[in-house]
Amino acid sequence: MSDFTFLYRGRDTNASPEQMQKTMEKWRAWFKQLGEKGHLKDIGHPLENTGKVVKGKQKSVTDGPFAEAKDVVGGFTLIQARDLEHAVELSKGCPILEVGGSVEVRPIQVLNM
Amino acid sequence: MVAVLTRLFGVHNLALAEDVVQDAFCRALEVWSFRGVPENPAAWLMAAAKNRALDVLRRERTARTYEPELTRFLQSEWTLAPIVEEMFTDKAIKDDQLRMMFSCCHPRLPEEAQVMLILHILCGFGIDEVASAFVTTYTAVEKRIPRAKKVLAGSERLFDTQAPSDFSTRLPAVQGALYLLFNEGYHGASAEFAVRAELCQEAMRLAALLLDHPLGATSVTYALSALMCLNKARLPARLNASGKLNSLFDQDRSLWDQKLVSEGLQLLDLSAKGSELSEYHLEAAIAAVHATAQSVQATNWKEIVSLYDTLMSLRPNPIVALNRAIAVGQRDGAERGLTELRAITDAERLGKYPFYQAALGEFELRGGRPQVAREHFTAALALSRNATERQFFGQRIEACDHGV
C-alpha cells in the first residue's frame with residue numbers, strides 16, 4: 001500500500017445552501033465508502049478559496065492565489081492505495097467530477113536520504 | 001440533548017456532553033434576558049447546543065477521542081458540520097434517546113441506579129428532583145449519580161440498538177426500569193403530586209420510544225405500555241383537586257381518562273399477539289377489568305382474583321398477595337378477605353406498608369367491628385409516609401368513629 005494525495009479543484013462555492021447540503025451528502029457517502037474499504041488515511045479538509053501567498057527570500061506576502069476558480073485547490077485528502085492506477089480508480093467516485101471539477105492524484109514522495 | 005451529544009462525543013465523554021448542554025442553557029439565559037424568550041425556545045436551545053458542539057469538536061479535534069466510528073468524520077471539515085446536523089434531526093434524537101436508555105440499564109448498575117440515571121440524563125431531572133422522586137436525600141443522590149455515570153462512561157461505547165441479540169438481552173432490564181419509573185410516580189411515597197404525574201408521563205414517553213423500535217415492540221412492551229395507559233387513566237380520580245387520596249372504591253369514575261383507557265385496551269390487544277405471558281400482561285389485564293367496570297359492585301372480581309392467582313405464581317410477593325386478598329374479599333365478602341389477609345405467609349414483610357393495616361381495617365369495618373378497624377387504621381396512620389396518606393387514614397378513623 002502506498003500513500004497518495006487527492007487535490008480537488010473546481011469546487012462550487014457559490015451553491016445555495018440546499019445544493020450545498022446535497023453535495024455534502026454525496027461527499028460524505030463517498031468518504032464513508034473509502035473509509036470502510038480502508039483507503040482513507042486522512043480525510044483532510046476543504047479549503048477557503050483565497051488566503052495569502054508568501055514568496056521568496058523577502059518573504060513577500062500577497063493576497064492569493066489569483067488563479068481561475070477552476071484551478072484553485074479546494075481541498076485535499078490522504079488516500080491509501082495499491083498503486084497509482086488503483087488510486088486513480090478510487091478518485092473516479094469523487095462527486096466533484098459531476099460538477100466539472102477535477103481530482104489531481106499525486107503519489108506521496110518517499111524521500112530516502 | 002445530552003443523549004444526542006453523548007452519541008457524538010462517545011459515552012466516555014458524557015461529562016463533556018453535559019457541559020455543552022449546560023453552556024447552551026447559560027447562553028439562553030443571557031440572550032433571553034436581553035431579547036426576550038424566542039418563539040420556539042426548545043428549537044433555540046437545540047441550535048445553541050448544536051453550535052456549541054461544533055465549537056468543542058473543532059477546538060478539541062485532536063485532543064480527545066470521540067465515538068469510535070465517528071471520530072474520523074468529526075476530525076474533518078469535509079464531514080463535521082453535516083454529521084452534527086444529521087445528529088440533531090428528530091429521528092436521530094429518538095434513536096439516541098433509545099440508545100441512552102439501553103446504556104443506562106447497564107448490567108453492572110443496580111436497578112434503582114438505572115432508573116435514577118434515566119431520570120437524570122433522559123428526563124432532565126435535577127439531583128433534587130431525582131431525590132424527591134425516590135424519597136431520599138439530596139446527598140445520597142448526589143453520590144449515587146456520579147458513581148453510576150462513571151460505570152456508564154467506563155463502557156467503551158453507547159449501546160448498539162441495531163444488534164438484535166444484545167437488544168433482546170437487555171430489553172427486560174429496560175422494561176423493568178420503565179416499570180419502576182412508572183410505579184414510582186403512581187404508587188411512590190413522595191408527597192409531591194406534581195412530580196409523581198410527571199414520572200408516569202416520562203415512563204410512558206420512553207415506553208413509546210421503545211414501541212417505535214422494531215426490536216423494542218415486543219408483546220411484553222405492548223403489555224407494559226397498556227398497563228401504564230390503563231393505570232394513568234385513573235390518576236385524575238386517584239387524587240382530587242385538594243390533593244386528597246381516593247381509594248379505588250371511592251373514586252369518581254367519570255374522571256377516568258377514557259381516551260387513555262381505550263388506548264390502553266388497544267395496546268393490550270396488541271400485547272396478546274405473542275405467546276409470552278409476562279407479569280405486565282397480567283397487571284395490564286387487571287387494570288383493564290377495573291377500567292372497564294362501571295362501578296366497584298359491577299367489577300368482575302372473579303376475573304381479577306384469577307388474574308392475581310396467575311400473577312402470584314409468576315411473581316410471588318407480599319404486595320401482590322395483599323391485592324389478591326383484597327380482591328377475594330370483594331368477591332366473597334369481608335370475612336373471607338380477612339382470612340386471606342391473615343394467611344399471607346410473609347406478612348411481616350408488609351409490616352411497614354400502611355396499606356396492609358388499612359386493608360385489615362377496611363374489612364373489619366365492613367364486618368361490623370369499627371373498634372377493631374379503628375386500631376388497624378391507627379396503625380396505618382403511624383406508618384404513613386406522606387401528608388396525603390396521613391389525611392386518608394385520618395378520614396378512615398373518623399369513619400370508624402361515626403360508624404359509617
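Chain naming here is simple, since letters A, B, ... match the order of the sequence lines and numbering starts at 1 in each.
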**Request:** For chain A, find its close neighbours in residues 73-95 of chain B: heavy-atom separation under 4.5 Å, sorted by number, or none.
**Result:** B:F73, B:Q75, B:S76, B:E77, B:W78, B:T79, B:P82, B:I83, B:E86
**Item:** Residues from residues 75-95 of chain A approaching chain B under 4.5 Å (heavy atoms)
**Value:** A:G75, A:F76, A:T77
**Asked** For atom CZ of A:R106, is the number of surrounding heavy atoms from other residues, nucleotides or ligands below 6.0 Å larger than 12?
**Response** no
**Asked** For B:R59, does the CZ atom sit with more than 12 other heavy atoms under 6.0 Å from it, leaving out its own atoms?
**Response** yes
**Prompt:** Has A:M1 got more than 12 heavy atoms of other residues, nucleotides or ligands less than 6.0 Å from its CE?
**Reply:** yes
**Message:** I'd like to know if the side chain of B:R72 and the backbone of A:K32 have a donor-acceptor N/O pair within less than 3.5 Å.
**Reply:** no
**Prompt:** Of all residues at least two apart in sequence or in a different chain, which pass the ring pair (Phe, Tyr, Trp, His ring centres under 6.0 Å) check with B:F102?
**Reply:** B:F159, B:F167
**Within residues 22-42 of chain B or reaching into it, pairs that qualify as side-chain hydrogen bond (donor to acceptor under 3.5 Å, both in side chains) - sequence neighbours excluded** = B:D23-B:R52
**Prompt:** Based on non-hydrogen pairs under 4.5 Å, which of A:Q21, A:M24, A:R28 is most in contact with chain B?
**Reply:** A:R28
